[in-house]
Amino acid sequence: MTEPPRVTYTHGHHESVLRSHRRRTAEDSAGYLLPHLRAGISLLDIGCGPGTITADFATRIAPGSVTAVEQTDDALSLARAEMESRGLRNVAFLTSDVHALDLPDDTFDVVHAHQVLQHVADPVQALREMKRVCAPGGIVAARDADYAGFIWYPRLEPLDRWRELYERAARDNGGEPDAGRSLLAWARQAGFADITPGASTWCYATDDTRKWWGGMWADRILHSDLGHQLTDSGLATTAELEEISAAWRMWAADPDGWLAIPHGEILCRA
C-alpha cells in the first residue's frame with residue numbers, strides 16, 4: 001500500500017494558535033453548511049482541531065453522530081477535552097490521514113473540512129477520499145482562507161512582509177496558502193459534478209476583534225512553529241519577527257484598523 005503524502009503543519013499547536021482556533025464556531029466558519037444539517041444525520045469532521053466547530057455540529061445534529069478526525073493523538077486530545085467540557089456524548093474520535101481515510105465507503109451523510117485543504121500535500125486526493133466515505137446523495141463541504149486576498153488598513157510594511165513570509169513557509173511545508181480560490185477546481189478534478197461554490201469573509205474592525213487578532217498574531221509570529229521555522233530556515237531574523245509583532249500590535253491599537261479575510265467554500269453532492 002502506498003504511503004500517504006506527508007506535509008508539515010505550518011501553524012503547530014502553540015497557545016497562540018489555539019487561541020485563534022478555539023474562537024471558531026459553526027456559525028462563523030461553516031455558515032454555508034448549516035442549512036443542510038438536520039437532527040439524526042452522521043457527520044465526519046476532518047481536521048477538527050480543538051473541536052469548537054465539531055461540538056457545535058454535534059449539538060445541532062443530535063441524536064445523530066459526529067466523527068472527529070486528526071492526524072495525531074495529541075491533536076485529537078484537544079477535541080476530546082472540548083467534548084468533555086460540553087458534556088457531549090455523540091462524538092467519536094479517529095486518528096487518520098485525509099489522503100487515505102481509515103473508513104469504509106459510503107459512511108457519512110456529511111463530510112466536512114475547515115481550513116484543512118490548504119495544509120495537505122494533495123488536496124484533490126483528499127477530496128476524493130472525502131467523496132469516497134460520503135454516502136450517495138450526501139454532502140462534502142470545505143472552506144479555506146486565501147492569504148493573498150487578505151486586505152487591511154492601515155497599510156504597514158511589516159504586515160506585507162508577514163504575509164510574504166507566511167506564504168513562503170506554508171509552501172515550503174507542502175501546502176497552498178491561497179487554497180480558497182482553488183477549491184472549485186480541486187473539487188472538479190476530484191470527480192464531483194454537482195458543486196455549489198461560494199465565498200465568505202471574516203472581518204475584524206472593532207476594538208475587541210482587533211485586540212484579539214492583532215495580539216494573537218503578535219505572539220504567534222514569535223512563538224509558534226511558524227516563527228521557529230522562519231528563523232531556523234534563515235527566511236527571517238528574530239529582529240524582523242519582532243518588528244512584525246510590533247506592527248500587529250500597532251494595527252490592533254489603531255481605531256481605524258480594519259482587516260478582511262476571504263474564504264472559498266464548496267458544497268459538493270456525492
Side-chain angles (χ1 to χ4, degrees), residues 6-24 29 47 49-50 52 70-72 74-75 78 114-121 144-182 201-263:
R6 297 286 180 178
V7 296
T8 299
Y9 180 50
T10 300
H11 299 295
H13 297 92
H14 184 264
E15 180 278 330
S16 58
V17 176
L18 297 179
R19 197 188 316 164
S20 170
H21 294 179
R22 284 182 171 133
R23 188 183 176 95
R24 297 171 181 170
S29 299
T52 52
E70 269 292 350
Q71 274 199 303
T72 68
D74 285 346
L78 301 171
H114 183 256
Q115 313 290 15
V116 171
L117 296 180
Q118 63 185 282
H119 295 297
V120 305
D144 271 273
D146 195 302
Y147 274 76
F150 281 37
I151 50 176
W152 55 82
Y153 181 88
R155 290 292 300 271
L156 299 170
E157 188 173 336
L159 299 189
D160 292 335
R161 179 62 173 154
W162 162 81
R163 176 164 54 189
E164 177 187 341
L165 288 170
Y166 178 81
E167 292 216 331
R168 172 67 185 275
R171 291 192 173 105
D172 285 352
N173 287 337
E176 176 44 69
D178 300 340
R181 69 189 66 189
S182 298
T201 60
W202 286 334
C203 183
Y204 305 125
T206 66
D207 289 347
D208 287 344
T209 57
R210 280 196 316 274
K211 180 179 179 182
W212 165 73
W213 177 267
M216 178 269 296
W217 264 109
D219 292 340
R220 194 161 159 179
I221 195 64
L222 294 175
H223 306 300
S224 71
D225 285 7
L226 170 63
H228 299 317
Q229 177 186 347
L230 292 171
T231 54
D232 291 348
S233 66
L235 288 174
T237 64
T238 300
E240 187 172 18
L241 298 188
E242 288 172 347
E243 183 181 12
I244 291 170
S245 177
W248 274 121
R249 295 194 187 280
M250 183 182 303
W251 172 84
D254 190 330
D256 294 329
W258 181 93
L259 173 78
I261 302 173
H263 293 78

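Note that the structure is a prediction, hence the values are computed from the model and not measured.
Remark: Tyr166 pairs with His11 by the side-chain hydrogen bond (donor to acceptor under 3.5 Å, both in side chains) rule, at least two apart or across chains. Under the side-chain contact (heavy atoms from CB on, under 4.5 Å) criterion, Ile151 pairs with Trp258, Ala260, sequence neighbours left out. Residues passing the salt bridge (Lys or Arg N to Asp or Glu O under 4.0 Å) test with Asp207, sequence neighbours excluded: Arg210. In terms of the salt bridge (Lys or Arg N to Asp or Glu O under 4.0 Å) criterion, residue partners of Arg181 (sequence neighbours excluded) are, by chain and number, Asp146. Scanning for salt bridge (Lys or Arg N to Asp or Glu O under 4.0 Å) contacts around Glu243 gives an empty result, with sequence neighbours left out. Residues passing the side-chain hydrogen bond (donor to acceptor under 3.5 Å, both in side chains) test with His21, sequence neighbours excluded: none. Under the side-chain hydrogen bond (donor to acceptor under 3.5 Å, both in side chains) criterion, Arg19 pairs with Glu15, Asp219, not counting sequence neighbours. Taking the side-chain hydrogen bond (donor to acceptor under 3.5 Å, both in side chains) definition, one finds that Ser245 meets it with nothing, sequence neighbours left out. Under the salt bridge (Lys or Arg N to Asp or Glu O under 4.0 Å) criterion, Glu242 pairs with no residue, sequence neighbours left out.
Taking the six-membered ring where the residue is Trp, Trp202 and His263 present perpendicular rings, their angle passing 60° and hence far from 30°. Using cut-offs of 30° and 60° on the angle between ring planes, the pair His13 and Tyr9 is tilted.
Taking 4.5 Å as the limit, some side-chain heavy atom of Gln115 sits within range of a side-chain heavy atom of Arg24. Annotation: side chain of Leu78 is in contact with side chain of Arg22 (closest heavy-atom distance under 4.5 Å). Val120 is not listed as a side-chain neighbour of Gln71, based on a closest heavy-atom distance of 4.5 Å or more. Between Ile221 and Leu165 the shortest side-chain heavy-atom distance does not fall below 4.5 Å. In this structure, Leu259 and Trp251 have side chains that are in contact, with non-hydrogen atoms separated by less than 4.5 Å.
The residues Arg163 and Glu167 are annotated as not salt-bridged, no charged nitrogen and carboxylate oxygen being separated by less than 4.0 angstrom.
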Candidate pair Met250 and Leu159, rule side-chain contact (heavy atoms from CB on, under 4.5 Å), full reasoning: CA-CA 11 Å; Met250 183 182 303; Leu159 299 189; over 6 Å; no
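Pairs engaging residues 151-161 under the side-chain hydrogen bond (donor to acceptor under 3.5 Å, both in side chains) rule: Arg155-Asp160, Arg161-Glu164, Arg161-Glu240 [sequence neighbours left out]. For residues 253-262, no residue pair satisfies the salt bridge (charged side-chain N to carboxylate O under 4.0 Å, His left out) rule, not counting sequence neighbours. Residues in residues 223-237 take part in these side-chain hydrogen bond (donor to acceptor under 3.5 Å, both in side chains) pairs, two or more places apart or across chains: Asn173-Gln229.
Taking OG1 of Thr206 as the reference point, atom CH2 of Trp213 lies at 13.5 Å (rounded to 0.5 Å). To the nearest 0.5 angstrom, Leu230 atom CG is 7.5 Å from Ile244 atom CD1. How far CH2 of Trp248 is from CZ of Arg220: 10.5 Å, rounded to the nearest 0.5 Å. Here the straight-line distance linking atom CG of Asp144 with atom NE2 of His114 works out to 7.5 Å at 0.5 Å rounding.
Between Trp217 and Trp162, the distance from one ring center to the other falls under 6.0 angstrom.
At least one donor-acceptor pair closer than 3.5 Å links the side chain of Glu176 to the backbone N or O of Asp178.
In plain terms, the two heavy atoms of Ile261 and Ala145 that are nearest each other are CG2-CB, 4.1 Å. Across all non-hydrogen atoms, the minimal contact from Pro262 to Thr201 is CA-CG2, 4.0 Å. Nearest heavy-atom pair across Ala236 and Leu241 is CB-CD2, 3.8 Å. Contact record, Ala170 with Thr10: CA-OG1, 3.5 Å, taken as the closest heavy-atom pair.
Heavy-atom contacts from other residues, nucleotides or ligands closer than 6.0 Å to CZ of Arg249 number more than 12.
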